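Keep in mind that the numbers below use all heavy atoms, side chains included, and drop hydrogens, waters and symmetry copies. The model shown is predicted, which means the values in this text are computed figures rather than measured ones.
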Amino acid sequence: MTATAAKLVESLEEQMTEEFKVLNTTPSQFSFKNFLVYKQALSKITEHSTVFKPMLAGISSAYNSQITALHTSNTISNYDQDEKQLLTQADETIDTLNQRVKQLKATLANLDAENLNLTESIESMKELVADISAQSLLTEEDVFKNTVLDNMTLEQMTNVNLLSRELGKLEQSHQAMLEQQSSEFVMRDRFEEVRSLLFQKDEMKEARQEEILKLHQENPALKQLLEVLQSSEGLLFPEILDHVTGAMKTVGSLNKSQVVEFYDDEDPAKEKEAEVALAYIECLDELLRDGNFRAAAVHAANSPNGFLRTLSTIEEFKTLSQGEGGVSPLFVYCDILMETVPLYSIPPADQSFECVDAALKEDRLDLIAQWIANQYLTLHRPIADSLLANCQCRARCDCESGTLALAVFRSIGEHEMSIYCFARQGALYRAVHYAKTHQLGSDKLLTLLRDIPSTDLAALLVLEEGLNVGEVLTCLQESHNDNIFISLLRLLDESNDLKTVLLNDTSPETVQWNEFVDLCVELGESDIGEELQGYIISADALNKAVDSLSSGPTD
């Protein structure tokens with residue numbers, strides 16, 4: 001071998017070694033890249049050879065043909081393999097679609113069957129309605145005349161709350177009638193007992209008449225009791241007591257002390273006033289006995305110096321049965337009592353509550369709103385509670401009763417119930433602003449979230465009010481509001497605020513972050529669970545670092 005050939009071989013070996021390193025292969029590996037390196041080396045040898053150049057050129061040409069054929073075969077093989085894989089996936093997709101088609105066909109068959117059943121039910125109901133209409137011979141006027149709900153409009157007859165109250169009144173009237181009938185008859189086995197009571201009655205009657213005659217000289221208020229006793233000749237003792245009690249009730253339950261306060265024994269003018277008051281009470285008694293409740297209400301509400309504007313008068317009107325027009329006598333009196341407030345004084349708390357309660361039973365929220373606006377009521381918590389209880393809204397409150405309850409709560413300074421009413425009406429920003437203005441604190445806001453849970457309120461507390469997200473999540477978890485729990489985390493994550501609120505969180509160590517992570521995974525939010533887990537790890541590492549620094553050596 002000549003020196004030139006030796007240098008050529010050495011140069012080729014070095015060049016091939018470098019190319020193998022660049023390709024990250026070894027000469028013994030069977031790869032297309034190595035074949036290209038050998039092809040290049042063979043081409044250089046052919047160029048420098050003179051004697052064997054034709055033979056080397058043929059070898060190089062055959063080598064190139066084999067490499068090309070091998071590469072083509074390998075490419076086709078890979079293509080065939082990819083096509084086969086795609087065909088397999090397509091077959092699987094077709095099978096899945098076929099199964100889905102079968103499921104949809106079964107669902108459509110079920111829907112067709114249900115539709116057929118519903119169509120048959122509708123047709124049968126139409127036939128039934130037609131039969132009933134054909135058989136009905138009564139006009140709407142006849143139905144209205146024969147209804148047991150006299151003097152009621154169609155709207156009133158379809159008002160469930162009003163019908164419930166009317167039913168309660170009828171039941172009370174029925175019970176009172178039963179009690180009255182039971183007191184009018186005496187069982188034979190009680191004959192001896194009744195005869196004994198009769199003898200006792202005669203003895204007690206004589207003693208009481210003497211005592212009453214003496215007292216009558218000192219107290220004209222007992223005149224009416226004396227007249228009642230004198231007219232009770234021949235009655236049983238319990239019946240006499242009933243008559244006396246009834247007589248006192250019909251005059252507004254006016255007791256001795258209420259009459260005596262108008263006069264004293266040494267002042268004839270006061271005694272005259274007392275006689276006028278008793279005459280006024282007798283007039284009221286006559287109006288009540290005649291069933292003229294409105295005139296009786298006006299008479300009582302305009303009594304001299306308002307001496308009948310008492311809770312006892314309200315209790316008396318409570319015992320009266322319903323008058324003409326289906327309106328409660330109590331409501332009639334309360335309405336007139338409120339109308340005459342400018343002439344007298346504002347009723348105290350107990351009477352104000354009774355007036356509001358009577359108006360609620362008659363569904364007269366418009367009058368209650370007018371009384372509150374005119375400051376005719378002594379507002380207190382029971383009035384607000386009754387208005388709130390009258391609200392029938394199941395979701396967002398938009399009724400007048402809820403609005404009036406809020407007005408009363410704000411007027412009497414019940415701040416916690418005020419923010420509760422704001423939240424029920426959907427005014428979350430106003431509720432939070434009201435709580436901040438009156439310095440209720442974060443615990444009251446968390447209580448509000450527990451009572452009226454919503455994603456908007458939870459996000460408002462975290463993002464606007466700066467409450468710790470850990471405390472808010474704990475509140476939602478303890479109240480078992482998992483949907484709002486995960487919705488809050490989704491909202492914070494989508495708005496890119498989750499990391500910020502986690503880093504700014506200063507919740508106490510009692511917050512169970514690991515339970516939050518488990519709940520997120522359970523509800524299918526693994527990504528959010530991972531972020532919480534990362535926060536837990538970072539917080540633990542930071543706490544350990546702080547502990548190590550604080551426990552280190554000090555100067």
Side-chain angles (χ1 to χ4, degrees), residues 75-134 158 160 392-398 423-424 426 428 449-460 462-463 469 472-473 475-499 501-502 513-535:
T75 303
I76 294 173
S77 176
N78 292 336
Y79 178 77
D80 291 341
Q81 185 176 0
D82 292 340
E83 288 293 324
K84 184 177 180 181
Q85 186 175 0
L86 291 174
L87 289 174
T88 302
Q89 294 177 354
D91 292 338
E92 293 177 354
T93 303
I94 291 172
D95 293 339
T96 303
L97 292 176
N98 288 333
Q99 293 178 0
R100 183 58 179 165
V101 168
K102 291 179 181 179
Q103 294 176 356
L104 292 175
K105 286 181 178 180
T107 303
L108 287 175
N110 293 333
L111 291 175
D112 291 338
E114 293 180 1
N115 189 20
L116 181 60
N117 293 334
L118 289 174
T119 303
E120 293 175 354
S121 300
I122 291 172
E123 293 298 330
S124 62
M125 291 178 67
K126 287 182 179 179
E127 295 176 358
L128 180 60
V129 171
D131 293 340
I132 294 174
S133 300
T158 56
V160 178
Q392 302 298 322
C393 302
R394 295 186 177 181
R396 180 172 178 173
C397 175
D398 55 359
R424 288 186 74 247
L428 301 180
L449 178 62
R450 187 177 291 106
D451 294 338
I452 308 179
S454 70
T455 305
D456 293 338
L457 178 58
L460 182 63
V462 174
L463 298 177
V469 66
V472 174
L473 293 176
C475 176
L476 294 173
Q477 184 191 33
E478 291 177 349
S479 56
H480 306 290
N481 290 297
D482 295 345
N483 292 334
I484 299 177
F485 175 94
I486 203 65
S487 297
L488 173 62
L489 290 175
R490 286 199 202 101
L491 189 148
L492 295 175
D493 185 51
E494 292 172 358
S495 61
N496 299 322
D497 293 317
L498 182 57
K499 293 182 179 179
V501 298
L502 288 175
W513 291 98
N514 291 324
E515 294 183 5
F516 297 165
V517 175
D518 296 338
L519 184 57
C520 290
V521 174
E522 181 181 347
L523 297 176
E525 296 292 340
S526 301
D527 295 341
I528 298 177
E530 290 177 359
E531 288 198 34
L532 292 179
Q533 186 66 44
Y535 165 74

Given L457, L449, V501, the one that forms side-chain contact (heavy atoms from CB on, under 4.5 Å) with V472: L449
Distance, nearest 0.5 Å, that separates CD of E478 from NE2 of H480: 8.5 Å
Nearest heavy-atom neighbours spanning L428 and S454: CD1-OG, 4.2 Å
Short side-chain donor-acceptor distance under 3.5 Å, N481 and S479: yes
Residue pairs, two or more places apart or on separate chains, that pass side-chain hydrogen bond (donor to acceptor under 3.5 Å, both in side chains) and touch residues 103-119: R100-Q103
Rounded distance (nearest 0.5 Å) linking atom SG of C520 with atom CD of E515: 12.0 Å
Nearest-0.5 Å distance, CG of residue L473 to CG of residue L489: 5.0 Å
For the student: nearest non-hydrogen atoms of L491 and A459, plus distance: CD2-CB, 4.1 Å
Over 12 non-hydrogen atoms of neighbours within 6.0 angstrom of CZ in R450: yes
Between CD1 on residue I528 and CD on residue E494, distance to nearest 0.5 Å: 8.0 Å
Note, T455 side chain near N483 side chain (heavy atom, < 4.5 Å): no
Those residues that, when tested against S526, pass side chain to side chain donor-acceptor pair (under 3.5 Å) (two or more places apart): none
Interatomic distance, M125 atom CE to I122 atom CD1 [nearest 0.5 angstrom]: 8.0 Å
side-chain contact (heavy atoms from CB on, under 4.5 Å) involving D482 - partner list, sequence neighbours excluded: L519, L523
L460/D456 under side chain to side chain contact (heavy atoms under 4.5 Å, CB included): CA gap, chis, key distance, verdict: CA-CA 6 Å; L460 182 63; D456 293 338; over 6 Å; no
From CG (D95) to CD (E92), nearest 0.5 Å: 7.5 Å
